[in-house]
Amino acid sequence: MFKKITLLFFLMSLALYGQKNAQEINSFTKDLDQKIPKLLQEFTVPGAAIAIIENGELVLQKAYGYADVDTKTKVTAQTGFNIGSISKTIAAWGIMKLVEEGKIDLDVPAENYLTRWKLPESEFDSKQVTVRRLLSHTAGLSLHGYPGWTPDDRLSTIEESLNGRNNGPGRVEMIMEPGTKWKYSGGGYTILQLIVEEVTGQKFEDYLQAQVLDPLGMTSSSYTIDKTILDNSSFEYDNFGEQIDFELFTAQAAAGLHTTIEDFTRFAYASLFTHKDNKKYNSVLTHKTVEDMMKPAPASNGSYGLGYQVQSIPGVSYTLKGHGGANTGWHAFFRVNPDTNDGFIMITNGGSGHNIYRQVFCDWIQWKTGASMGDRCIIKPSVAAKLKAIIDNKGTDNLASAYNDLKLNSGDDYNFSEDILNRFGYYYMGKKEIAKAMAIFKLNVDQFPESSNVYDSYGEALLANGNKEEAIVNYKKSVELNPGNTHGIDVLKKLNVDLSNLPKAFEIDTAKLDDYLGKYQLAEEFIVTIAREDNKLTAKPTGQSMVILVPMSEDKFFVEEVKAEVTFNRNANGDIESMTLNQNGRETFGLKLKE
C-alpha cells in the first residue's frame with residue numbers, strides 16, 4: 001500500500017507541476033514581457049534573452065534590450081553571450097562522451113590520463129583525484145574561479161594556467177582529502193580540459209565542437225572566440241552599463257563557452273532525457289548517462305552531480321538540475337526538470353544581470369509550484385548607480401548630502417548596504433580615480449562606523465593617495481573593531497607601526513569548539529552548517545563554498561571572505577541555540593536544528 005500511495009503522490013506531483021493551460025501560459029509570459037524591460041532599466045543591464053519550456057513545449061524564447069548600446073543594435077535570439085560556469089556542464093558532456101566510448105574511466109586516478117602536467121605533491125593521495133570527483137567538485141582541489149584575459153594579453157597554455165599563470169587565482173593543488181567534501185573548483189575543470197586533449201589528441205575546443213556542440217545543433221556556439229563568434233556577439237557591460245573589454249579564457253571548460261538563446265535552448269532540450277522526442281534533440285549521450293549526470297554525487301551534500309547542480313525547491317516535490325554562470329559583464333542561469341519536462345534559461349550582458357534572472361526565476365518557480373523563494377527574490381537596485389550619476393554631473397563635494405537625501409526620500413527603492421558602497425569605492429580604485437574612491441569610502445565610514453571593513457577600505461584608498469598618517473589611523477580602527485583582520489595587521493606591520501597597544505586576536509578555547517557545531521536554519525531554503533577543521537571553525541552555507549570563522553570573542557566570529565560577522569546566541573543554561581549573521585548591514589537570525 002505504501003508503494004502505491006507514494007507512486008500516486010508522485011504522479012499527482014507531475015500533474016500539478018508539469019501542466020499549465022494555454023491561458024495560464026499566455027498570462028505568465030505577458031507578465032514577463034512587461035517586467036523584464038523594467039528590470040533591465042532598474043539594474044542598468046543593456047540586454048537579456050530568455051527561454052521557458054513548459055511540459056516539453058517551448059512557450060517563450062525572446063530577446064530584450066541591446067547588444068550594442070551605442071549603435072542601438074538589439075539583442076536577438078541569435079546574439080552571442082558568454083555563459084560563464086555553465087560552460088562546465090557542456091564540457092562534462094564531452095567527458096561523458098569519452099566515458100561512453102570506453103576511453104575514460106570515471107573512477108580511476110585522473111593522473112592516469114595526464115602526461116603534460118601533474119598535480120603538485122601534497123599531504124594527500126593524488127590517486128584519489130578521480131575523473132568523477134573532478135566532475136562533481138569533490139576532488140579536494142583549490143581555485144574556485146578564473147578572471148578572464150583582455151584581447152591584448154597573451155593567453156596562458158593549459159599547463160601554465162594550472163601552474164598559476166592565470167591572472168590571479170594561483171596554481172591548482174590539493175587542499176583537502178579527495179572524496180570527503182564538496183568544494184567548487186574551476187581548476188578541476190581545467191584538468192578535465194587537459195584530459196580531453198590528452199585522450200583525444202585534439203584541442204579541447206575542436207573536440208567539443210565536433211562531438212557535442214555540432215551534433216546537438218549548437219552550431220552558433222563555440223569555445224573558440226573567432227571572428228564569426230565576435231561578429232554575432234553582444235558587447236559586455238559593467239554594473240553601470242558601461243562597455244568593458246571582451247574577456248578571453250584559457251580555462252575554456254570552466255568559463256569559456258559562447259552561445260545564443262537558440263542554441264542554449266537546444267541544450268536544455270537535450271538535457272530533458274524523459275522527453276518523448278529526446279533522441280531527436282540528443283544524439284550525443286544515452287538518456288541513462290544524462291540521468292546519471294544529474295544524480296547527486298557522493299560527498300556533494302546532495303547539491304551537485306557530474307556537471308549539473310541539483311536544486312530542490314523547499315516545501316514542494318520539485319527538483320531542478322542545471323547550472324549558473326558569471327564572468328565580468330555576463331550572467332547566465334539554466335535549470336531543467338526532466339520529471340516534468342520544464343526548463344528555464346536566461347542570459348544577460350551586464351554586471352548586474354544576476355539580479356534580473358533571480359527575480360524572473362523566482363516568478364517562474366512561484367508560477368510553477370506556488371512556492372515562494374523568500375527574501376532571495378526581493379532585490380533592490382544599487383544606490384551606486386544613482387550616486388555615480390551624481391558624481392559624473394556634480395563631483396563628490398556634496399556626495400554625503402545627496403546620499404542622505406536619497407536615503408530619506410527613496411529609502412525603500414534602493415539597496416543602501418555597506419557592501420554596495422564598498423564595491424562602488426573599489427570601482428573607482430580600479431579606474432585609478434582615487435579621490436572619488438576616497439569620498440565613497442569616507443561616506444561608508446560615516447554610515448557604518450561599527451564596521452571594521454569600511455575603515456580597512458578607506459585606509460587602502462588613503463594610502464594609495466599618499467595620506468600615510470590618516471591611513472594608519474583607519475587601519476588601526478579597523479583592527480580595533482576586528483582584531484582578526486589579518487590584512488589590516490599586515491599593512492600596519494609593513495608601515496612599521498607599533499601594534500603593541502592594539503587588541504590581539506581572540507584565542508578561543510579549542511576544547512569548546514564542538515559547542516558551535518551543527519546546522520543553523522536562516523531561511524526555509526538556507527542552512528549554514530558549522531563544522532570543525534582541526535582548531536578552526538568552518539561555515540558552509542547552502543550551495544556556497546566553505547569559509548573560515550575567525551574568533552573575535554567567545555561567541556562572535558568574523559568571515560573575511562564575505563566580510564560578515566557571525567554571533568552564536570546562548571540560552572539561559574549557556575547552551576548555543578541560534579546564530580545571527582550580520583552582512584551588508586543586515587541581520588539574519590537562524591535557529592540551531594536538532595540532530
Side-chain angles (χ1 to χ4, degrees), residues 85 88 92 95-96 99 104-114 117-145 162 169-192 195 253-254 292-312 321 323 510 513-520 526-550 557 559-562 566 592-593 595:
S85 287
K88 296 177 176 68
I95 290 288
M96 297 306 293
V99 171
I104 287 179
D105 187 323
L106 285 173
D107 296 310
V108 304
E111 63 186 13
N112 287 10
Y113 303 105
L114 296 170
W117 180 84
K118 295 293 184 185
L119 273 163
E121 289 188 8
S122 74
E123 61 184 291
F124 306 107
D125 182 5
S126 63
K127 288 184 172 54
Q128 298 303 310
V129 177
T130 63
V131 175
R132 185 187 300 277
R133 287 171 178 166
L134 291 173
L135 285 167
S136 61
H137 299 288
T138 58
L141 299 181
S142 64
L143 205 155
H144 181 94
L162 289 166
R171 72 176 185 173
V172 178
E173 55 191 355
M174 299 171 65
I175 59 174
M176 62 179 64
E177 186 69 35
T180 60
K181 292 182 180 178
W182 186 86
K183 187 180 188 307
Y184 193 84
S185 174
Y189 269 74
T190 304
I191 296 175
L192 291 169
I195 287 174
D292 288 344
M293 292 173 73
M294 294 182 179
K295 293 177 181 177
S300 72
N301 296 324
S303 65
Y304 209 96
L306 305 182
Y308 284 88
Q309 294 171 336
V310 180
Q311 180 182 12
S312 297
K321 320 294 170 61
H323 219 288
T510 56
L513 287 179
D514 289 348
D515 294 348
Y516 307 95
L517 307 186
K519 296 180 183 292
Y520 297 79
F526 189 72
I527 294 174
V528 176
T529 301
I530 304 297
R532 178 174 178 171
E533 280 196 1
D534 298 325
N535 292 327
K536 294 181 179 179
L537 285 182
T538 65
K540 173 69 173 65
T542 301
Q544 299 180 26
S545 300
M546 183 187 72
V547 294
I548 302 294
L549 300 185
V550 179
F557 295 76
V559 186
E560 180 69 31
E561 293 91 338
V562 294
V566 172
K592 186 176 184 180
L593 299 177
E595 297 296 333

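All values derive from a computational prediction rather than experimental measurement.
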To the nearest 0.5 Å, what is the distance between [atom1] on [X] and [atom2] on [Y]?
X: Leu162; Y: Thr190; atom1: CG; atom2: OG1; answer: 5.5 Å
X: Ile548; Y: Leu537; atom1: CD1; atom2: CG; answer: 9.0 Å
X: Leu135; Y: Met293; atom1: CG; atom2: CE; answer: 7.0 Å
X: Met546; Y: Thr529; atom1: CE; atom2: OG1; answer: 12.0 Å
X: Leu306; Y: Ile95; atom1: CG; atom2: CD1; answer: 10.5 Å
X: Arg133; Y: Ser300; atom1: CZ; atom2: OG; answer: 12.0 Å

Check the surroundings of atom NZ in Lys536: do more than 12 heavy atoms from other residues, nucleotides or ligands lie under 6.0 Å from it? no
Considering residues, nucleotides and ligands other than Lys127, do more than 12 of their heavy atoms fall under 6.0 Å from its NZ? no
Using side chain to side chain contact (heavy atoms under 4.5 Å, CB included), reason through Arg532 and Tyr516 one step at a time and then give a plain yes or no. CA-CA 9 Å; Arg532 178 174 178 171; Tyr516 307 95; over 6 Å; no
Indicate the atoms forming the closest heavy-atom contact of [X] with [Y], along with that distance.
X: Ile195; Y: Leu134; result: CD1-CD1, 4.2 Å
X: Gly188; Y: Leu141; result: CA-CD1, 3.8 Å
X: Leu119; Y: Ser126; result: CD1-CB, 4.2 Å
X: Gly186; Y: Lys88; result: CA-CE, 3.9 Å
X: Lys118; Y: Glu111; result: NZ-O, 3.3 Å
X: Thr130; Y: Leu106; result: CB-O, 3.5 Å

Taking Tyr113 for the side chain and Asp105 for the main chain, is one N or O donor matched with an acceptor at less than 3.5 Å?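 Yes; judged by distance alone, with no hydrogens or angles, the pair exists.
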Test item: Ser185 side-chain N/O and Gly140 main-chain N/O as donor-acceptor pair under 3.5 Å: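 Not confirmed, Ser185 side chain does not pair with Gly140 backbone.
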Is there any salt bridge (charged side-chain N to carboxylate O under 4.0 Å, His left out) pair reaching into residues 296-310, and which pairs are they, with sequence neighbours excluded?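 Every pair satisfying salt bridge (charged side-chain N to carboxylate O under 4.0 Å, His left out) with a residue in residues 296-310: there are none.
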Hey, can you tell me if Tyr184 and His323 have their rings parallel, tilted or perpendicular (30° and 60° cut-offs)?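 Because their plane-to-plane angle lies in the 30° to 60° range, the rings of Tyr184 and His323 count as tilted.
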On the 0 to 90° scale, with breaks at 30° and 60°, tag the Trp182-Tyr304 ring pair as parallel, tilted or perpendicular. tilted
Going through the distances and angles, do Lys183 and Ile175 end up as a side chain to side chain contact (heavy atoms under 4.5 Å, CB included)? CA-CA 10 Å; Lys183 187 180 188 307; Ile175 59 174; 3.5 Å; yes
Once side chain to side chain donor-acceptor pair (under 3.5 Å) is applied, do any residues pair with Ser136, and if so which ones, sequence neighbours excluded?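 In terms of side chain to side chain donor-acceptor pair (under 3.5 Å), with neighbours along the sequence ignored, Ser136 is linked to Thr138.
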